[in-house]
Each structure stands twice: as C-alpha cells, then as structure tokens.
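Let me begin by presenting the structure, written as structure tokens, before commenting on it.
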Amino acid sequence: MKKDTKVIHAGQNKKRNSGIVNTPVYHASTVVFSNTAEMLDAQDRSIKKREKHLFYGRRGTPTHWTLQEAISELEGASDTFLTPSGLSACTLAIMGCVKAGDHLLVTDSVYEPTRGFCDSFLNGFGVETTYFDPLIGAGIASVMKSNTKAVFCESPGSHTFEVQDLPAIAQAAHAKGALVLVDNTWASPLYCQPLKLGCDISIQAATKYVVGHSDAMVGTIAVNDAGLPGVAKAISAVGITLAADEAYLATRGLRTLSVRLKQHHENAMKVALWLQSRPEVKRVLFPALPNDPGYALWKRDFSGATGLLGVVFKRTSAEAVTAMIDGMELFPLGFSWGGFESLIAPSNPSRSVARTARPWTEPAPGVRIHVGLEDPDDLIVDLEKGLARFNKALV
Ligand SMILES: *Cc1c(COP(=O)(O)O)cnc(C)c1O
C-alpha cells in the first residue's frame with residue numbers, strides 16, 4: 001500500500017471497537033481480572049510477551065495501541081513507544097541505549113534541549129557525550145571510541161537544516177557496534193523512514209506534525225529489533241506513559257497528515273523561493289531548494305518537505321529582527337511548529353553554546369519560519385511588510 005493509504009488505515013481496529021471508526025479514549029488505571037489465572041496470563045502477555053493486551057493502565061490501552069501500530073507501520077518499525085513529549089522521547093531513547101561508562105555521539109545540529117539533557121543530566125550518570133559535524137557522513141567512524149554505544153542524529157536540524165547522510169552513518173556506526181537514533185520530527189514518519197535507511201530508532205516530537213493542531217504534547221519512539229530491548233527497559237523502569245486523551249489526539253491528527261504536509265510543502269516552497277529573491281536574504285535554509293547544500297541527500301532519502309525553514313540575512317541585528325517579528329500579523333511568535341498556522345521566531349545558532357563541533361558562522365540572528373496552511377500569497381504580503389520594518393530598524 002502507498003503511504004497516503006496507510007496513514008488513513010494504519011492501526012485501525014474497528015472490530016476491537018464495536019465498529020467505531022476512531023478507537024475511543026480508554027481512561028484507565030486499574031484493570032480487573034476475574035481470577036488469578038487470568039491475571040497471571042495478562043501479566044505474561046502484556047509484560048513478557050509484549051502483546052497488546054490489557055494489564056495495567058500505565059502499560060497502555062487500545063487507545064495507545066492504535067497510535068503505536070500506526071506509527072510502527074509508517075516508520076517500518078518492530079514496535080513504537082509513546083511518551084508525554086518529544087523531548088522525553090529523545091531522552092528516554094538515549095537512556096535506553098547507554099549506561100555508565102559509555103560514550104554517546106550527538107550531531108552538533110541537535111535540538112537544544114536534547115543537548116541540555118546530555119550535558120547537564122546524562123553526564124552525571126557517567127555517560128560522556130561528544131558532538132560531531134552533522135555533515136560527517138561515513139567519517140563518523142573516525143570519531144567513534146571503543147565505548148561508543150549510540151549515535152544520535154537529527155536530519156535536518158531544526159535551526160540549521162543540514163541533511164545528514166543517515167545510511168552512511170548507520171553503516172559506519174553498526175560496523176563498530178553502536179546503535180543509531182534519529183530525531184525525525186521535521187520530516188514526520190511520512191517523508192522519511194530512518195529505519196529503512198539502516199538506522200535503529202526513529203523519534204518524533206509528534207507534538208508537531210502528527211498532532212498537527214498545536215493542542216497536545218506527544219513523543220513517539222519507533223524501534224527495530226536491535227533498538228527495542230533497551231528502550232522497552234527504559235520506558236518500563238522510568239514508568240513513562242502517555243495520557244489516553246493525548247494518544248487519541250495524535251491518532252486523530254495523523255489521519256490528515258498526508259494532505260496537510262502536501263500543503264505545507266507547497267506553501268513553504270513558494271515562500272522560500274520568494275524569500276530567496278529578496279535583497280536582504282543571504283540564504284534560505286530549506287533542503288527542498290535545489291541550491292541548498294542538502295538537496296541531493298534530501299532528494300535521495302526524503303519523499304517531501306514540510307513547512308519549517310530558516311532565513312539567514314546578509315546584514316542583521318537583534319533590533320531589526322525584533323522589529324520584523326513584533327509587527328507580524330499572520331506569524332505569531334512561537335516555538336512549537338507543526339500546527340496548521342504559520343509562526344516566526346528569532347534564530348541564533350551562532351551562539352557558542354548552540355554549536356561546538358562545527359561552529360555556525362552565518363550572520364545571526366536570523367529568523368525561523370513555520371509556513372502554515374494559510375494562502376501563501378497572504379503570507380508573502382505579511383513577510384514583505386516585515387522586511388520593510390527589518391530594513392528600517394537596521395539603518
Ligand atoms: C519540538 C521538538 C522536540 C521536542 O518536542 P516537545 O514535544 O516540544 O517536547 C524535539 N525535537 C525536535 C526536532 C523538535 O522540533
């Protein structure tokens with residue numbers, strides 16, 4: 001089946017739900033059994049055999065299974081774990097792959113709170129993190145140590161948009177016995193499937209495009225057979241569970257992911273091309289643009305682009321960026337992109353705390369734009385006025 005068909009039907013189980021199209025929200029903590037044998041059987045099936053079988057609220061209900069099965073099918077995964085935010089999906093996946101004495105490699109383009117977790121929390125548990133050039137490709141072999149157990153990628157990075165050579169990184173990392181994790185939020189499970197490119201774990205801040213309506217926080221961790229045992233152990237030990245209401249909202253959002261993303265792609269392309277034509281703009285960071293350095297890899301490994309892009313100005317200042325942002329009519333200032341509406345935020349990856357392995361040398365601050373589902377012509381009019389304010393504040 002094509003992915004547009006899969007996204008509609010994946011994980012559905014109308015029979016399990018008395019014919020109801022969407023799996024209802026099962027609010028559950030206690031699950032009761034009619035006798036001891038039934039309880040022991042449920043425990044065995046839920047915990048040991050990892051079957052989708054009711055045992056205890058924290059271990060999931062049919063509301064969760066629908067989302068888990070759908071994401072697994074789209075990502076091509078053995079199983080999917082659900083967490084209460086995208087960040088917790090990143091951190092728990094990492095915790096599932098490393099222990100005291102291990103070394104972790106993380107892309108320098110990583111989402112900043114993921115970097116914060118490694119530097120200010122994981123280090124206290126005896127795990128050393130080193131950052132690597134996102135464009136390293138097969139060269140990852142040269143920065144691996146004998147105790148490197150995991151390589152964490154994010155492609156493209158959500159501020160600098162470098163596309164990583166995931167198959168090359170996976171091959172080199174596997175040759176030295178490390179697992180490869182990917183934060184796949186920008187592409188969503190529809191436009192890139194890291195497990196099919198040889199990686200082991202694909203993470204979504206489903207808060208973004210999967211939920212798609214800016215009204216729920218959800219993380220997903222899709223694993224292959226190699227990634228499964230560690231993540232299962234971390235999730236179970238920490239006691240992580242996703243509220244059933246949020247699981248429901250994520251599944252509901254997922255059903256329209258394909259049509260939404262096509263429009264995000266089309267609108268973002270139109271806005272990106274317009275921005276590129278502007279005299280203030282040095283670069284538009286959007287891998288779907290043929291002159292983007294990541295275009296060839298994007299074309300090879302992705303089947304579409306989404307709505308998030310970066311803008312680098314030739315000359316810039318904090319005052320100019322503020323003047324632009326503060327007057328926008330259709331682009332509220334906000335961080336959690338992936339919903340239906342456009343957003344804008346300042347972006348400053350040149351700060352030394354944001355990059356350590358391959359410093360970002362482009363003029364900063366720039367802006368990061370999420371191109372929503374509005375008519376792109378209206379967005380361009382708003383951006384044009386924004387650039388007029390930018391220019392006025394710059395001189
Ligand atoms: C937003 C985001 C996250 C974190 O997701 P939350 O649901 O906000 O915790 C992780 N990775 C990337 C790339 C993101 O954009």
Problem - Test side chain to side chain contact (heavy atoms under 4.5 Å, CB included) applied to Thr114 and Ile94, step by step - result: CA-CA 10 Å; Thr114 306; Ile94 291 171; 4.1 Å; yes
Practice task
List the steps, then state whether side-chain hydrogen bond (donor to acceptor under 3.5 Å, both in side chains) holds for His53 with Ser46.
Solution key: CA-CA 5 Å; His53 192 86; Ser46 166; over 6 Å; no
Problem - Stepwise salt bridge (Lys or Arg N to Asp or Glu O under 4.0 Å) test for Lys196 and Glu75 - result: CA-CA 8 Å; Lys196 291 184 186 157; Glu75 296 262 20; over 6 Å; no
Exercise for the section: Show your reasoning for whether side chain to side chain contact (heavy atoms under 4.5 Å, CB included) applies to Cys90 and Val110. Expected result: CA-CA 10 Å; Cys90 296; Val110 74; over 6 Å; no
Handout entry: Criterion side chain to side chain contact (heavy atoms under 4.5 Å, CB included) on Thr23 and Tyr248, from CA distance to verdict
Key = CA-CA 8 Å; Thr23 308; Tyr248 180 89; 6.0 Å; no
Practice task
Go through the steps for Leu105 and Ile140 under the test side chain to side chain contact (heavy atoms under 4.5 Å, CB included), then give the verdict.
Solution key: CA-CA 9 Å; Leu105 278 165; Ile140 195 81; 4.1 Å; yes
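A salt bridge does not link Glu69 with Lys52: every distance from a Lys NZ or Arg NE/NH1/NH2 to an Asp or Glu carboxylate oxygen is 4.0 Å or more. A salt bridge links Arg355 to Glu162: at least one charged side-chain nitrogen sits closer than 4.0 Å to a carboxylate oxygen. Using a 4.0 Å cut-off between charged nitrogen and carboxylate oxygen, Asp382 and Lys385 do not count as a salt-bridge pair. With respect to Arg351 and Glu112, a salt bridge is recorded, a charged nitrogen being found less than 4.0 Å from a carboxylate O. Remark: Arg300 engages Asp165 in a salt bridge, criterion side-chain N to carboxylate O under 4.0 Å.
The structure places NZ of Lys3 at 6.0 Å from CG of Leu190, a figure rounded to the nearest 0.5 Å. Note that the NZ atom of Lys14 and the NE2 atom of His9 stand 6.5 Å from one another [nearest 0.5 Å]. Put simply, NZ on Lys15 and CD1 on Ile20 are 16.0 Å apart, with the number rounded to the nearest 0.5 Å. Leu179 CG to Cys97 SG: the interatomic distance, rounded to the nearest 0.5 Å, is 5.0 Å.
Looking at Ile201 and Val180, their side chains never come closer than 4.5 Å, going by heavy atoms from C-beta outward. No side-chain heavy atom of Gln12 sits less than 4.5 Å from a side-chain heavy atom of Thr66. The shortest side-chain heavy-atom distance between Val311 and Phe286 does not fall under the 4.5 Å cut-off. Residues Asp183 and Cys153 fail the side-chain proximity criterion, which asks for heavy atoms closer than 4.5 Å. Side-chain contact between Val7 and Arg255 is absent, with no heavy atoms from C-beta onward closer than 4.5 Å. Leu275 places a side-chain heavy atom less than 4.5 Å from the side chain of Ile369. Contact annotation: the side chain of Thr83 approaches that of Ile221 to within less than 4.5 Å [non-hydrogen atoms, C-beta and beyond]. Within the 4.5 Å cutoff, the side chain of Arg115 has no heavy atoms near those of the Val106 side chain.
Side chain to side chain, His264 and Thr306 fail the donor-acceptor criterion of an N or O pair below 3.5 Å. Counted by atom type alone, Ser258 and Asp4 present one or more donor-acceptor pairs between their side chains at under 3.5 Å. Side-chain contact check for Arg59 and Ser236: at least one donor-acceptor pair (N or O, by modelled atom type) lies under 3.5 Å. At a cut-off of 3.5 Å, with distance as the only test, a side-chain donor of Asp245 or His27 sits close to an acceptor on the other residue. Between the side chains of Glu154 and Ser109, no donor-acceptor pair of N or O atoms lies under 3.5 Å. Side-chain contact, Asn184 with Gln193: no donor N or O sits under 3.5 Å from an acceptor N or O. Side chains of Asn391 and Glu280: a donor on one and an acceptor on the other come within 3.5 Å. Side-chain atoms of Thr80 and Thr220 form no donor-acceptor pair, as typed in the model, at a separation below 3.5 Å. One side chain, Asp200 or Asn224, offers a donor N or O that lies under 3.5 Å from an acceptor on the other. Remark: the Asp301 side chain and the Tyr191 side chain contain no N/O donor-acceptor pair separated by less than 3.5 Å. Side-chain contact of Ser88 with Thr91: a donor-acceptor pair under 3.5 Å is absent, judged by distance alone. If you check the side chains of Gln204 and Thr185, you find no donor sitting under 3.5 Å from an acceptor.
Residue-environment remark: NZ (Lys299) stays at or below the threshold of 12 foreign heavy atoms within 6.0 Å. Residue Arg16 places its CZ atom among more than 12 non-hydrogen atoms of other residues, nucleotides or ligands, all under 6.0 Å distant. The environment of CZ in Arg252 is sparse: at most 12 heavy-atom neighbours from other residues, nucleotides or ligands sit within 6.0 Å.
In terms of heavy atoms, Arg50 sits closest to Ala232 at NH1-CB, 4.1 Å.
In terms of hydrophobic clustering, with Ile, Leu, Val, Met, Phe, Trp and Tyr side chains grouped at heavy-atom distances under 4.5 Å, Leu181 and Trp186 are assigned to different clusters.
Grouped with Leu40 in one hydrophobic cluster are Val31, Phe33, Met39, Ile47, Leu54, Phe55, Tyr56, Trp65, the linkage being side-chain heavy-atom contacts under 4.5 Å among Ile, Leu, Val, Met, Phe, Trp and Tyr residues.
The cationic atom of Lys208 (NZ for Lys, CZ for Arg) lies less than 6.0 Å from the six-membered ring centre of Tyr111 and within 45° of the ring axis.
In this structure, Thr316 contributes its side chain and Gly366 its backbone to no donor-acceptor pair below 3.5 Å.
In this structure, His370 has its ring center under 6.0 Å from that of Tyr209.
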Donor-acceptor list for residues 319-341 side chains, cut-off 3.5 Å, not counting sequence neighbours:
unit_1	atom_1	unit_2	atom_2	d
Glu319	OE1	Ser317	OG	3.4
Thr322	OG1	Ala318	O	2.7

